[in-house]
Every structure is written in C-alpha cells, then in structure tokens.
Amino acid sequence: MNSAVEQQIRILGHKDFKSDYKPVWCAGCGDFGVLNALTKAMAALELSPENVAMIAGIGCSSRIPAYTTVYGFHGVHGRALPLAAGLAVSRPDLTVIATGGDGDGFSIGGNHFLHACRRNVNMTYLVMDNSVYGMTKGQASPTTECDWTGSKLSPQGTHQPPLQPLELALAARAPFIARAFSNSPNELARIMTEAIAFEGFAFVQILSPCITFRPEQLGWKKRVHDGFEPTDDRAAAFAALAEDEGFTTGILYRAPRPRFAPDRREPVDIGAIEKRFEVRS
Amino acid sequence: MNSAVEQQIRILGHKDFKSDYKPVWCAGCGDFGVLNALTKAMAALELSPENVAMIAGIGCSSRIPAYTTVYGFHGVHGRALPLAAGLAVSRPDLTVIATGGDGDGFSIGGNHFLHACRRNVNMTYLVMDNSVYGMTKGQASPTTECDWTGSKLSPQGTHQPPLQPLELALAARAPFIARAFSNSPNELARIMTEAIAFEGFAFVQILSPCITFRPEQLGWKKRVHDGFEPTDDRAAAFAALAEDEGFTTGILYRAPRPRFAPDRREPVDIGAIEKRFEVRS
Amino acid sequence: MSENPDNQSTSELSLALVGSGGAGVMTAGQTLLDAAAASDYYGLMTRATGPQIRGGEAAAILRLSARPVECQDDRLDLLVAIDWNKAERFADELIVDDNSLVVADPGQGEVPAWITDSGARLVEVPFDALTREFRGARTNTIAVGLVAQLIGLEGRDVDATVRRILESKGAKLIEAALAGLELGRTAAADLAGPKRLERRPEPVEPRWLITGNEAAGLGAVRGGVRFCAAYPITPSTEIQEWLAAHLPELGGSLVQAEDELASINMCLGASFGGTPAITATSGPGFSLMVEALGLATQAEIPVVVVDVMRGGPSTGIPTRSEQSDLDIAVHGAHGDAPRLVLAPNSIGDCVTTTQWAVHLAEALQSPAVVLSDQRLGQARAAIAPPPSRDWHAQRKLAGNDTADYRRFTDAEDGVSPMALPGMPGGEYTATGLSHMESARPSASGMDHRRQLDKRRRKFAQFDFGKHWADIDGDGDLWVLTWGSTTLPAREAVARMRDRGHAIGLISIRLLSPLDTEALTEALRSCRRLLVVEQSHGGQFHRYLRSHIELPADTHLLARPGPLNITPGDIVSGLEELTLEDAA
Amino acid sequence: MSENPDNQSTSELSLALVGSGGAGVMTAGQTLLDAAAASDYYGLMTRATGPQIRGGEAAAILRLSARPVECQDDRLDLLVAIDWNKAERFADELIVDDNSLVVADPGQGEVPAWITDSGARLVEVPFDALTREFRGARTNTIAVGLVAQLIGLEGRDVDATVRRILESKGAKLIEAALAGLELGRTAAADLAGPKRLERRPEPVEPRWLITGNEAAGLGAVRGGVRFCAAYPITPSTEIQEWLAAHLPELGGSLVQAEDELASINMCLGASFGGTPAITATSGPGFSLMVEALGLATQAEIPVVVVDVMRGGPSTGIPTRSEQSDLDIAVHGAHGDAPRLVLAPNSIGDCVTTTQWAVHLAEALQSPAVVLSDQRLGQARAAIAPPPSRDWHAQRKLAGNDTADYRRFTDAEDGVSPMALPGMPGGEYTATGLSHMESARPSASGMDHRRQLDKRRRKFAQFDFGKHWADIDGDGDLWVLTWGSTTLPAREAVARMRDRGHAIGLISIRLLSPLDTEALTEALRSCRRLLVVEQSHGGQFHRYLRSHIELPADTHLLARPGPLNITPGDIVSGLEELTLEDAA
Ligand SMILES: Cc1ncc(C[n+]2csc(CCOP(=O)(O)OP(=O)(O)O)c2C)c(N)n1
Ligand SMILES: Cc1ncc(C[n+]2csc(CCOP(=O)(O)OP(=O)(O)O)c2C)c(N)n1
Ligand code: SF4
Ligand code: SF4
Ligand SMILES: [Mg+2]
Ligand SMILES: [Mg+2]
C-alpha cells in the first residue's frame, strides 16, 4: 500500500511529533513525561509521522495518540492490542505502537496481553501504569496494592495481591520485557527506542504516577532505581524478578524469536480459485 | 440460605455422583477418565451432591456437569470462572468446582483465569487440556504445539509457542497448582481430592486426550510421568517448570494464603440506611 | 431568611455556577442545594463538565423550589462565573435573558458574547481578589456566601451545611470556609439580587437529599439484592460505590470484576445460587453483557442490569446524558430472547423502578434492564421520600417434594419452580443450550419451541398492574415519553394546562414487555400525539410503531444528548401540533 | 444412465440417508450429489446431526433436479437407513408417504413407527452383512451404489466421483470403495426403485459445487477482502477455513484470534490500515462483537461480519438453523448506530450478497452484517455459477492535497474522505468518542449531532439500486420474506402460480437501511400479505412494522428453527389467506 507513497527524507525534531491538542491530563500527571519521551524516541529513530500508528484503548493514558502527530486509533476499552495486531499483520511496513493504562491492559485487556506476548506480532506495547483507574476517578486496578483503601469501590482494600506485569509477560513468552519510569526521561526514551526498534512484540511497563488519585505516588521518585540487565535467559529473568519490589527499571529480558507471520502461499488469481468449484465429470 | 436445609448423613459411592445421561463424548475420549476420577474424589470427600456445584463453559469437556448428579451450570464459552466466583462468594457453604477445556479456559477465558488466580476465591478449577478445540472439530488451542498442521484454520501451524498454564498460574499467584493425566485414574482422583479440599483457588491442568482430532495423543501415555513435589517456594516451582516438558504430573505448588472474602461491616437494617438520606437542618 | 428588600420574592429560582474544575463549583452547588433543603426547599442540581479529567470547565446548575422539581427550567435567574474558562461549551444549557443577573469576576477574562448579547444585568465581583482577604478562603465558598445572600437563604442553614460537609476536614478548614461565606455575604450586600426565595411555612414534609445513582442502589437493596459485581464506568460508578458501602451492612457483598464479561457472569453465578444480584454499567459495558443476558434468558436466571445511559455510539460522550440504549436493551440478544426493560422517570423513581425490576426479574426468572441515564443518575435533588413498596425478591422455588423434579417444567404460568444448590433432590444443570423440561440439552425443534412458548407465556400471563406507565390527563392531545425526558414533559404539560389546554401525558416505565393493550386503550381519545425522546434515531418512536398503531397525527421530538430538551421545547412542539390543527 | 424399466422416469427426486455418525452418511450423500452433478444435474444436500461430537445420529437429505433447486421438497421419494439409531429425532424433516420407498437394514433395529405408519413401501437390504463380502467395503459406499442404481445415476460418474473424493487415500481404499459400489448395485438389481432420473440433454450449462459458507468466503475475496481474523464457532467455521486456505493465495492473511473481541478488533485494525477485512461468526460470537461494531460506526471504519445464524438464544442449538439474529444485527449497539445489514437468499447469493456487503461497507465506511444461516452455510449444492459483479472495495480516500485535512469533514454525501497510515499529511486519531470534523474529541451536542446527521445522510443518499430485494410477480397476494426462507417461498409461489394464482414474492436482501419507499411501492397492489420467517418472536414482521404500514390483511408464518418451513407450509399459509378472502 505504502510502497507507492514517495518517501521524503526529513529530519524531524521531537516537537514535530507533538500535536497542538492540549492534553486532558491533570497538571503533573506522569503521562506528560511519557509523551515527551515518546516523541524523543520517535525523533531519534528518524521515523516519519505518517508511517507510525499509535493504538490505544480507553483511559487517561489511552488519550496519548491524539497528542502526537502520527496516525492514531483510540479504540474501545481493553482492545488496543488486537487493533494493533490487525494493523501490524496487514501493514508490516508501518511502525505500530500499542499503548494504554494498567486497567486497560491488565484488567479488561488481560487476555489480549497474554496472547500478544505469545503471538509476537511486530509491535511495541507501552503501558502507563499508575496502579489506578484514573479516568473513572480512582478505583483499584490489577496492579494496585491490596491494602489501598482509597477507592469507594473497595473501601477495605482489594483483597488480592497485585498483578505482576513483567512476570506475566515472561510466563507468556514475550521476547522483550522492560520497565521504565515517566520521571526518568532519558532512560525512558532510550528504552522506548530499543523497544520500538526490536523486531517482535516489545513490552514496556512505564511507572507513571497519577497525582490526582494516588498523590502518594510522588514518592515513587525515591523508590525507583535502575538495575535490570538485559538477559535472554528466562531463569535469570525470573530470578531478577524475585529480587524486584516493583521499582527496578531497565530491560529485563530480550530474546528475539521469529515474529508472527501468517500463512503464505503461491499467489494465484481469483479466477483460478473459482475454477475449483466447477463440476468436473 | 443452606443453613435451613437439614443435612442427612449418607455415605455415597462414586456411582451416586454419576448421572444417567450418556455423554456426547466420542468413545475413548480422555474426558471419561476425568468424570470417573471426579466422582471418586467427590465420594472420597463425602460430599453431598446438593452441596456441590460444577460450573463449566462450552466445549466437549464443558459438558461434564450434566454427567454428574451435583448441581451444575453449563454457561457460555469462557466464563466458567466468573460464574463460579459469583456463586462461591455469595454461597461460601457450597463446594464449587469450575471446569472446562483449554480453549474455554486459556483462549477466550484467559483473562478470567489470570484474575481468578490472583483473587483466590475458594474453589477448584479443573481444565481438561487436549491442546485442541474438540467441540468445533479440531482447531488449534493456546496449548497446541506451534508445528501442528492438523487444523484447516492454521494449515501451516499456529506460528506461536504454546501457552504454559502452570507457569502462568504461578506468575498470576494461584496458591495451588497441579497437573494430572486422565489416564492415571488414581493419581488424578487423589490430586482432585486435594484440590477440592484446598482452601482457596486450586488449579489442576488435566491432560485429557482428544482421540478424534488429536489421535497422536494416545502416545501421551508413554510420555506422562509423575515428578512434581509440592512446594510453597515460588522460585523452586519455577525451577521445576524449567525442567518440565509438559508431561510431569503431581502438585507443583501449594501455598495457602488468605482466600478472597469481600468487605464486611456491622449489620444495620435498611431503615437505618434510608435515614441517612433525610435532610437535616 | 435574611431580608433583601429590593428584590422580588419568589417560591422558585434557577441559578448556575461556572468555573474551571479547580474552582470547586460542584461543591459550591451542592452546598447551596443542601442548605436550601435545610431551609425546607425542594431542589435539584445537575452537573455539566468538560472532557478534562480534573480542572476542566464545569457548571453546577440548580433549581430551588417550594414544590417538588426535578428538571431544570428553560432559563436562569442567576449565573455566577468564578471564571469563564471554556464556559461557552455550556452556552446552550445556561440561558440568560434580561431578567437574569450575571455575576462575574472581572479579573477572569472577558464576558462571553452569549451573555453580553442576552440583555442580562451584569455585575462584577472580584472573587479571586477576595480570597486574599482571609488566609485559606476559597473562591467557591465566597460564591456560596454571595449567592446565599442574594437569593435569601438562611445564613445558619448555610453555615451548618458547610460545617457538615467539611466535618472530617478539621477546624482550620471550617474556619476558613465560614470566613469565606462571610466575605461572599459582604460582597453581596450592596448588590440587587435576582428574585429572593420566600420563607417556607412550617412544618414541612420530610425530604431526602439523594442522587439518582444512590436511589438506584437503594432500590436494589429494597428489592432484596444482596450481591453485586461491577466494573467502573461513567456515569454508573456511583451506583457501584453506593452498593460497595451498603451491601456489606446488609450481609451482602460486592466484587469489583476484571471486566463486564466477568461482572455479569458473577451476578449470574450468585443468582443461580439464590442470591438476588445486580450490576450497574453504561453503554460500552452493556454491550459486553449481551451474551450473558442471553444465557440468563435461556437458563432462566434472574438478574438486573442498570444501564446509566450516556452519549453513544461507542465511547461517545461519557459524561453526558442520552436515551439511546433502548434498542440494545430491548433487542440486544441473538435468538428470540424477550426480556424485561424498565425505565425510571424521576430521581425518586430510580428507587421504585429499580426495586420493581428486582421483584420482576426474580418473579419471572428473567434478566431485567433498568435504563437510567446520566441526567437522572448524577443529579442530586431534595425530594419527597420515595414511597415504600412491598416488592421483594420472591422466587418460585422447588418444593420439598422434589421427586421427578424438572427444572424447566412446562408450567402453566410459564414460571418453572427453581431449585437452588443446597436443596437435596433438586440437582440439575442449568444450561444455555436448548433443552427439555428436565434441563437435558436437546437439539429438537419441538423441545426448543416448548421452552420458547413457555418463556413467552410467563411474560404474557403476568399481571404487571398499573405501574407499566404513569398516565395523567385526558383529551385529544397527548405527550408520550419515557425515562428522564418525562421530567421536562411533566412541566410542559403543566404549562399547557395553565394555558387552558386539555392534555395528557404517558410516561412508560415498563418498556418491555410493552403492554400494548393498555397503551392503545390509554391513547383511545388521542388524536394528536407528541412523542418525546433524547435520541437521534427516534428509537422509542420506532419501537412504539413496531407494537401499536399510533395516531396519524403523531409528531416526534427526538434530539440526541446532551442537547437540552427543556419544558419550553416541548411546549413549542405541542404548539406546533395544535397550530397545525387550527390551520 | 442405466436402464431400470420398471420405474417411472423423472427430472427430479428427493432422498435421504440416515445412520449413526460412524456410518458415513454425509460422505455418501456428498458422493451422490457430486455424481449427480457430474451427470449434469442440479442438486442440494443438507445436513442434520445430533448433539454427539462424533458418532451420533446423522441424516443427509438430497434433492436432485434438472432445474436449479436450493430447497428441500416437502417429502422424500427414497429414504435409506443404514441404521435407525435415533433417526426419530429427524422425523419432522424426513417425511415419507405411500409413494416413497424406504430401504433399511433388517439387522439394525426396528423400523420406527413414523415410517411404518406412513404407508411407504419398505424393502430390506442387509448393508452391514454385505460389508463382509469384500474386505474393506463400507456400508455407506454400498448405500451409494444402491441408491445410484435405484435412481439411475450413471455408473461411470459415480465411480469417477468416488475416485476423486478418495484421491489422496491410496489405491487400496479406492479399490474397496469401488467394490462396495458394486455390491450396492447388485443389491439394487432386483429392487423396484422409486422414480428414476431421466438422462439430461447435452450440452448442459456449467455448474458449481459449493456450500453456502464457501460461497460467502468467495464473495468476500471477490469484494476485495484481504484480511480475516476469526474464532471458530459452529456453523460458521467453514467460512474461516475457506479463507484460511485462500487468502494467502491472494496476498492476504488470516489470524486465528483468542476470542471474538479480538477477532473483530483485529479486523478494525486492518481496515484502519486500508485492508478490507471480514470476520465470520455465529450468534454467541456476534454478541461479543457489538461493542466493536459501535466503534466501527463512530470511527467510520468499514468491516464485514458474516453471522451464520443458528438456534438461539445463548448456546441454543449450535448445529441447526434459525433466523433469529435479525434484532441484534439491526439494533445491537448502544447509542444511535445505524449499520448495514444484508442477507443472502440462496447458496449462490452468499457469493453475491457478501461481495455487495464488502462493497457497501467500504463505500460507506460502515460496519456491515451479513446474516447467513446454517441452512445456507452448511448445505452443499450444484448450482449455476453466481454471476460476476463489479462490486469492489472502493473507499473514498483523502487526496494528495491534505492541507487542512479533516477526517470527519461534514461531506455533503455523508462520506468523509479517509486517510490511511502511510499518507503524509493525513495523520489523525480515529476515535470512538464523539468528535469534531477534525477527529478531535468533543462533548458538545452540536458536534455530536453534526456527525450523527452526517452518518445518517450517508445511508440516505447512497443509491443502493435494485438489489435491495428480489421482487417477482404481481397481484394482490404477496409473500414477504428474507434469507433462507426465500427458498421454500420461491417454490411455494411457483406452486401457487401453477394452480393459477397471481402472486408476488419479495425477498429483502438489504435489511438495513430498509428502502421503505421502494418496499411500500412494491407492496402497492398488495392486499393480502404472508410474512414468512424462521423465528419464534416474529422479529422480521416487527421490524417491518416499525418502518412501514403493512396491509391490514397481513398474516405471519413464523416458526423457530430447526422446525422445517417447507414449500407446502407456505402454500398452506397462502391458502388460508385466500380462503379467508373467499369467506
Ligand atoms: C467497556 C468499558 N468498560 C468500562 C469503561 C470505563 N473506563 C474508562 S477508562 C477505565 C479505566 C482506565 O484505567 P487505566 O487503563 O489504568 O487508565 P488511566 O486512566 O489510569 O490512565 C474504565 C474502567 C469503558 N470505557 N469501557
Ligand atoms: C462465544 C463463543 N465463541 C465460540 C464458540 C464455539 N466453541 C464452542 S466450544 C469451543 C472450543 C472448545 O475447546 P475446548 O475448551 O478446548 O474444549 P474441548 O471441546 O476441546 O473439550 C468453541 C470455540 C462458542 N460456543 N461461543
Ligand atoms: S487522573 Fe491521574 S492518570 Fe488521569 S490525568 Fe489525572 S493524574 Fe493523570
Ligand atoms: S472430539 Fe475429542 S475432546 Fe471431543 S468428545 Fe471427541 S475425543 Fe473428546
Ligand atoms: Mg491506570
Ligand atoms: Mg480442548
């Protein structure tokens, strides 16, 4: 499809990837940092906006596509990954970046996350994790601590341990797994750059504080530290996670494997296919 | 609710747990073995049929509730776990057993599986895994080997590594995880008994061959071997799985933790609640 | 009431506060409503907000009245702008005219054109500057003090309300708030206000302060609901939150599910076990529930879903009202799956209709959908306490004699006695497959038809009584509507009557099954009909047509949300009908 | 053709084979159909199976004719029972009478009452015993040989067909099969058969052997579909399988998704990227897709869903046909979301209508639902090749001049030019939120209405041409139907005409948007109308009523699946209407 479109060599700065829409985000929301780092990563990779598609679900974080100048699809809640897979499989010429929040990705979208890890379509998945449903005004998400009583929907806490996105991704066979922090712009941009450049499904959990419903997350700054060293050994990665309390950043695991490519066959034209229906005697 | 129902002491044999419906299963299907072992386990636990509820999705395997004499709910595809959770949370007096196939549980139902592991409602989940969609006549399931070309829907294979149910359950924090084989009736019944007796969410993957669409699974008999030793150490369990090729049976992991119990408050009557709406001056 | 002799006294008044989110206009609005309620008034506050998560533009619109009111007036007596940040977004809801007073902070931007062009009297109050006069004072409390003074609310009721709202926040904040009120009152001192609320005669009737969403929660527990599983979604989350707080007090429980597929199925699981269950959602979540609702129909499991409607399709306009989920509520199932669909037509009726829905779902072993909407759900009102009804969850259960028990026995009244886990002898497997009376799956067309006939019969034979609609009036001119548009319709009808027109109003509460006989009968004298609904496609009108013959002279006033349908709009629609007639 | 002088020759014949699953009646049926096709006949084979996964009861029902036929006759000329295992389940579909011949194995159980009571001539053939006469012979091949001989099929066509079907299975199996055929022929030698098919004049028209599900797959790729994501579900899986085999040959691809939520969203993703996309499912899967279909409406993304209907609600009867997903197809979306709904009315039309659906979806940037059903989808027929149409995916794309590009520009014809990823200057964010022309989210009622108006306009202004329905005939007596019930209706109408009645038939192909003007016009001369549909609730009838005024004398023949609606049933319905008239 795109082969016909003439490509111009342009050197774009990161501001060229930022749209003039004012984000709906609260002042101080971690997602601003994600937007900044992402535009830097796209500029660093010398991408052209028309060849990038950002696919999101629903949530504060999922609003991000419209704040960039690339193609975007702000779908329904929890379905960013299948939208992105359909696009990436049918348009391998594009750079496809799926994105959203922890509710979108791990609660309603959890099944697609599992299967996207296995399927290994060539795309990037950036989850802005604030351990809360920001958009709906502060309910517990799968990554919320079990003793958080700040939500009216679970006033005595969630009664369950938080989901571990990295461990799940590893168990589900994702070939690229990383964690970053919205407040560490350089590392974040670097990890995003590597994730986007990776051939296959690259997952990055981005700790991105919700200052409105989880103001205590401002304290994350003190807890976050780098530490993961990329490995291609699953056992080593599990071991690293056993030590982790959720605030270690870096690329945890990187082990390229053949990316998903659907069946291929000798091309024929429709007429030849139709002939097969003819009655033979 | 049930407190009013008078309980009779009856000693039931495993045949008392078998209904007189003829299963729709193909002769030789592994699910017959599962049904047998399950009725034995229920008899061994001295359960009363009226106090047990079996909840299933859709698939050959999901037909099992009606072949027993307990209460059953044959719901829609992929939703056995939420049905079971709603029942178990609201009726803690019952023994609740959710069940179904690998397609039902890990494909369409994958998200509920993840969250059921975390939530830890008191129930048992038995998955009859035949690495195929039997009911719809033989498509690849999440646990199908990537090079299986027996399905017309993926004639060149699935292009993705099989999902690892035990590893996922472990990553998702299930407190009881086991594997058994439909053709090893005693071990199967024993593991089921332990799973049902376990306080919390107990998951058992049961290898149960589909002789119609995966006749090569008759060879599983030779590959299956016991080997898992119950541990409560997650690292040890991950290590055991690293050695496993999918045919080790036994209880992999058992680590009781507080089971899900929803919020509790001081009881009041509705009148007192309504009073709170009154205008005070 | 304080005295303010230079303005006219009244028993009813409309006002609005606008400002960007941080300004706290919603809290200010609620304070005024609650204080007016304490001063023995009825009243209503609706909310309008922009897309910003926090800090975006917002408007609190209030109507205070000596008689029960549940819909906003066509216009405002008073508009207070703490700032003008994007207030033009609400221009079509904040109608001022030359009888209105507009108060604005001169430091917060230019007065927008729709205001200056309106002829409204404009007065400047430097809210922002005033905050500097007391450390900790906030613009919104100052605005409350100002408004209370202008409209003549009793100072002690306002103070008490503020104290109550801030109860848990500590003495310092309360002190600052009270100082803020005083600053506002002082600023109002030399202003000529709009009308002033007259003092209410005592003693007055008891009233409740409640939102539609709280009311739906209360209706649920009144009906006997003791289980809820839910997934948050605007504008239904407050129902879930209310139930999360109150179910545990009643021995029930709430589970926050991973998605709506889980929440509705959890409800079915609980209900299968005998516990009346409910979930609350809005359009997108409802869409995910239709498969399980079909299961509830086929397996005859009672369950209630409250759909608090918002703008659609898809994500649409999450924060604003629309009546456009009627189609999916009635028809959203594959296969022939008639179900109960009900709609409350006032905030108080959210209690009654939800309670009735629970009762009907349980009595008929059927899913029931309650179509509320953002306008009802998120509005807070001072209303007469909803009447108490003896509608409870009363399922027809299998008796003790369970020999040869057949779960889906072809009962004459269509309702097969249900066995619950725990009952010996009642063991059966509920199923979404077509089945025999015994519950055994069957692919036979005869078995299939027998159960379809039976399920149709249970709706046909049940006596729903007179609650299927609120019918009022007579004559040859009628308004036919449902849900929240009933509120402006009621007021429009009252105005038409004031002008001497004989006119009737029907608001349908039980949308499905539709009592076509009773409706046809109610419309017997009708020759000219105005159908009113807040949908673009005229879903209600089409639905009516599919069931009954409407008068030849039927007009449709259908408008998508959040475009306002005011009493005045309906009056205009009626005038057209009558004019046509005259011509 | 072989000679068998003692029975009457005919140009048309109906027969059925029954037996438990292992007996292979489906293969036998297909062999006979294919052989008859090779002998220049048209024909049709439908399947009926029980709930057993493998080895349950099964029936293959065939009609062979010199003229195109796509529906079964009311009765059978010949019924062959390899065994009687649960055959009574199909009693209402296997109607025999005193003109029928029934062949059964005396060793396989008693002949059921509905057969013995019918007056049919009964003949015993020991199929099972015969298999012992040749090592490797199978009962079903013996039955094929017997039937072929009895009805006069050319031996060489049968042999060639068997060779072709067993091509890949090796010489030994072929040899055994041919021996089996011979055993069957010998067994038939001294039997008086039912009618015998007369030899067809040569040359004959070309014909295709195709199932409705294959036809839908072909229609999709003819229309330009190059992407499919799907999740298996009976009875739609064969569409998915056909596309899995053929899309890669056309440079396209298929993804087996983890569920239907994923499959429909994958299709939207592909289509957003410019690749025409389809998915196929049945009721339960369709229910899971309605949320994404609403997104497709709001974001104006073309996509086609083929719903191969089966018995509902819920899991219902997965293997049998029903027309009861009309409601959800048309109304299954929250919000005002009109969409395209089409229905093929013959196996060949599955090609044409699916192709048209792709064309319309792409032209109108809208979701399109194709309502096929198990009866069409899983039947195999020898038919005239479906005509070729120049309907292709032709999206209105943004031009090169994308300065100030607005994705949702308020185009006069309602269709806003679409930019695709890869087009510089067209970058926008598709969204399910209400939005401005620029695609920027908006909570404004005006923006909302502008897009709703635009989307309504694109349907209203499009010229759908005459394909919205197949209309045939005139007079004051009409049949109105849709989808697969068109097949018996066509035949019923032909029979009525043979009896001298003037009668018309309308089969609606484009159900939504319904061309109410054209339909009203088509019914202008109609005074008596029979509406025919395979649903319990009369969904089609109610849908028609919601849009047009039907004649006062309208009758409804509505019956849930899988209960048969035969040409004879429709003739009876019409007779009632005409009798009433006479009375
Ligand atoms: C089907 C459906 N269910 C629920 C919602 C309501 N909803 C919108 S966003 C959201 C959660 C968002 O949380 P997250 O993904 O963590 O994003 P955040 O706002 O925290 O960035 C929910 C529940 C919806 N839009 N659609
Ligand atoms: C929503 C929905 N999608 C698809 C189906 C069709 N379907 C029925 S069973 C099944 C798969 C069953 O596989 P599994 O759970 O492994 O059970 P098995 O038959 O192998 O025991 C599918 C896809 C359905 N019933 N409902
Ligand atoms: S609510 Fe939280 S996540 Fe949402 S924009 Fe505000 S700070 Fe960010
Ligand atoms: S198809 Fe496979 S899984 Fe299903 S009943 Fe037969 S053997 Fe068992
Ligand atoms: Mg979040
Ligand atoms: Mg399976």
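Computed from a predicted structure; not experimentally measured. Letters A, B, ... are given to chains in the order of the sequence lines, protein chains preceding strands, and every chain is numbered from 1.
Contacts of D/Q298 with chain A are absent, with no heavy-atom separation under 4.5 Å from either backbone or side chain. In this structure, chain A has no heavy atom under 4.5 Å from any part of D/A229. Residue D/D259 touches chain A through its side chain alone, counting heavy-atom pairs closer than 4.5 Å. At a 4.5 Å heavy-atom cutoff, A/A84 makes no contact with chain D through either its backbone or its side chain. For a residue to count as touching a neighbouring chain, one of its non-hydrogen atoms must lie under 4.5 Å from one of that chain's; by this rule D/A160 does not touch chain A. Heavy atoms of A/R118 lying under 4.5 Å from chain D are absent altogether. Heavy-atom distances place no part of D/L247 under 4.5 Å from chain A, backbone and side chain included. For a residue to count as touching a neighbouring chain, one of its non-hydrogen atoms must lie under 4.5 Å from one of that chain's; by this rule A/I273 touches chain D with the side chain only. Heavy atoms of D/R222 lying under 4.5 Å from chain A belong to its backbone as well as its side chain. Neither the backbone nor the side chain of D/P385 comes within less than 4.5 Å of any heavy atom of chain A. Of the atoms belonging to A/E278, heavy atoms from both backbone and side chain fall under 4.5 Å from chain D. For a residue to count as touching a neighbouring chain, one of its non-hydrogen atoms must lie under 4.5 Å from one of that chain's; by this rule D/S438 touches chain A with backbone and side chain alike. With a 4.5 Å cut-off on non-hydrogen atoms, A/V268 touches chain D through its backbone and its side chain both.
Chain A forms the most heavy-atom pairs under 4.5 Å with one residue out of D/A270, D/G432, D/A292, and that residue is D/A270. For the set D/I264, D/D40, D/V255, D/V351, the count of heavy-atom pairs under 4.5 angstrom toward chain A peaks at D/V255. Annotation: maximal heavy-atom pairing with chain A below 4.5 Å, among D/R156, D/E214, D/R226, occurs at D/E214. For chain D, the option among A/G78, A/P267, A/A80 with the highest count of heavy-atom pairs below 4.5 Å is A/P267. When the candidates D/D34, D/L250, D/T161, D/V221 are compared by the number of heavy-atom contacts under 4.5 Å with chain A, D/L250 comes out ahead. Contact count versus chain D (heavy atoms, under 4.5 Å) is highest, among A/M54, A/H77, A/E274, for A/E274.
What you find for A/R265 and D/E249 is that their closest heavy atoms are CD-CG, 3.7 Å. Between D/P421 and A/L94, the closest heavy-atom pair is CB-CD1, 3.6 Å. Taking every heavy atom of both residues into account, D/S253 and A/V89 meet most closely at OG-CG1, 3.7 Å. Considering every non-hydrogen atom in both A/G86 and D/F227, the closest pair reads CA-CZ, 3.9 Å. Taking all atoms of both residues into account, the shortest heavy-atom contact from D/L268 to A/F73 is O-CE1, 4.1 Å. What you find for A/R280 and D/R164 is that their closest heavy atoms are O-NH2, 3.3 Å.
Under the 3.5 Å distance criterion, the side-chain polar atoms of D/R207 are left unmatched by any main-chain donor or acceptor of A/V279.
Between A/Y71 and D/F272, the angle of the ring planes goes over 60°, which puts this pair in the perpendicular group of the 30/60° scheme.
Judged as a ring pair (Phe, Tyr, Trp, His ring centres under 6.0 Å), the pairs with a partner in residues 27-70 of chain A (not counting sequence neighbours) are, in order, A/W25-A/F32, A/W25-A/Y67.
The closest side-chain heavy-atom distance from A/L81 to D/N265 is not below 4.5 Å. The shortest side-chain heavy-atom distance between A/R63 and D/P441 falls under the 4.5 Å cut-off. Contact check for A/L87 versus D/M266: no side-chain heavy atoms found under the 4.5 Å cut-off.
We find the OG1-CZ distance between D/T275 and A/R91 to be 6.5 Å, quoted to the nearest 0.5 Å. The structure places CD of D/Q256 at 10.5 Å from NE2 of A/H115, a figure rounded to the nearest 0.5 Å. The OG atom of A/S48 lies 9.0 Å from the CD atom of D/E427; values are rounded to the nearest 0.5 Å. Rounding to the nearest 0.5 Å places NZ of A/K22 at 10.0 Å from CZ of D/R440.
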Item to check | Worked verdict on D/L254 versus A/D263 for side-chain contact (heavy atoms from CB on, under 4.5 Å) | outcome: CA-CA 8 Å; D/L254 176 136; A/D263 284 6; over 6 Å; no
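Using a cut-off of 4.0 Å between Lys/Arg side-chain N and Asp/Glu carboxylate O, D/E258 and A/R79 are scored as not salt-bridged.
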